[in-house]
Q: 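There's a structure below that I have some questions on.
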Amino acid sequence: MTAAKKATNPFFDLDFTKFTTDFKMPGVDVNEMMAFQRKNVEALTKANKIAFDGFQAVAQRQSEIFKTLLDKAQTQSKDFAATPADNPMAAAAKQTEAAKAAYEEALANAKELSGLVTKSQEEALALLQGRFTESLDELKVAIEKNAAAK
């Protein structure tokens with residue numbers, strides 16, 4: 001957008017603080033409503049940070065799990081290569097045991113990652129639920145204050 005268009009657009013020159021002070025609704029304290037909304041935005045910001053931190057923790061743990069998996073795969077491939085070729089049943093038994101262990105470990109890792117996600121979501125939701133309840137209490141007090149002023 002060019003500077004000439006910005007200068008002629010009335011929305012770029014709008015002073016929202018003046019607009020809100022000029023906007024008078026009977027029984028509504030605009031400053032109090034702005035404070036409510038500020039607290040709501042702060043709660044959302046905190047909830048987003050909790051969710052983001054949880055996401056980072058899950059990504060970090062997935063990276064650690066993947067590195068461990070690669071190390072185990074490398075060790076197992078050397079172990080399988082060292083198994084004598086003249087005993088295929090021993091090799092099959094060793095591979096079956098490794099597959100079973102890998103499956104059990106994958107389930108444990110999935111459960112751990114699921115727990116990390118759940119914990120993060122519960123913390124963020126608890127924060128938002130608390131703010132919602134607090135907001136309703138604040139609204140009730142504002143309504144009672146307005147009713148008492150009449």
Q: Mark yes or no for whether Thr68, through its side chain, and Glu64, through its backbone, hold a donor-acceptor pair below 3.5 Å.
A: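 Flag set: sc Thr68 to bb Glu64 pair under 3.5 Å.
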
Q: To the nearest 0.5 Å, tell me how far Thr118 OG1 sits from Leu125 CG.
A: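 So the OG1 of Thr118 and the CG of Leu125 are separated by 12.0 Å.
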
Q: Other hydrophobic cluster members with Val58, side-chain heavy atoms of Ile/Leu/Val/Met/Phe/Trp/Tyr under 4.5 Å, chained?
A: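 Its cluster mates, by chain and number, are Ile65, Leu113, Leu116, Val117.
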
Q: For the side chain of Ser135 and the backbone of Arg131, is there at least one donor-acceptor N/O pair under 3.5 Å apart?
A: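 Pair absent, no side-chain N/O of Ser135 close to backbone of Arg131.
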
Q: If every non-hydrogen atom of Gly54 is compared with every non-hydrogen atom of Ser120, which pair is closest and at what distance?
A: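 Looks like CA-OG, 3.5 Å.
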
Q: Could you tell me which residues satisfy salt bridge (Lys or Arg N to Asp or Glu O under 4.0 Å) with Glu122, sequence neighbours excluded, listed by chain and number?
A: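 Scan of Glu122 (salt bridge (Lys or Arg N to Asp or Glu O under 4.0 Å), adjacent residues dropped) gives none.
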
Q: Using a distance-only test with no angle check, is there a side-chain donor-acceptor pair under 3.5 angstrom linking Gln56 and Gln60?
A: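 No.
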
Q: Could you check whether atom NZ of Lys94 has more than 12 heavy atoms from other residues, nucleotides or ligands sitting under 6.0 Å from it?
A: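 Enclosed: over 12 neighbouring heavy atoms sit under 6.0 Å from NZ of Lys94.
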
Q: Using side-chain heavy atoms (C-beta onward) and a distance below 4.5 Å, is Phe132 in contact with Gln129?
A: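 SC-SC contact between Phe132 and Gln129 ruled out.
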
Q: In sequence, state the C-alpha distance, the side-chain angles, and the governing distance for Ile143 and Leu139, and then conclude on side-chain contact (heavy atoms from CB on, under 4.5 Å).
A: CA-CA 6 Å; Ile143 291 170; Leu139 181 61; 4.0 Å; yes

Q: How far does CZ of Arg61 sit from CD of Glu112, to the nearest 0.5 angstrom?
A: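 Atom-to-atom, Arg61:CZ and Glu112:CD are 4.0 Å apart.
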
Q: Between Ser114 and Ala110 (side chain of the first, backbone of the second, donor and acceptor by atom type, cut-off under 3.5 Å), is there such a pair?
A: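 Side chain of Ser114 to backbone of Ala110, a donor-acceptor pair under 3.5 Å: no, none is there.
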
Q: What distance separates Glu138 CD from Glu32 CD, expressed to the nearest 0.5 Å?
A: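 One gets 8.0 Å once the value is rounded to the nearest 0.5 Å.
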
Q: Could you state the interatomic distance from OG1 (Thr45) to CD1 (Ile50), rounded to the nearest 0.5 Å?
A: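 So the gap between those two atoms works out to 11.0 Å.
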
Q: Do the charged groups of Lys119 and Glu123 touch, with an N to O distance under 4.0 Å?
A: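 Result for this pair is yes, salt bridge flagged.
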
Q: To the nearest 0.5 Å, what is the distance between CG on Leu70 and CZ on Phe66?
A: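 Between atom CG of Leu70 and atom CZ of Phe66 there are 4.0 Å.
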
Q: Pairs in or reaching into residues 97-111: which pass side-chain hydrogen bond (donor to acceptor under 3.5 Å, both in side chains), with residues at least two apart or in two chains?
A: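 Counting only pairs at least two positions apart or across chains, the side-chain hydrogen bond (donor to acceptor under 3.5 Å, both in side chains) contacts touching residues 97-111 are Lys72-Glu105.
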
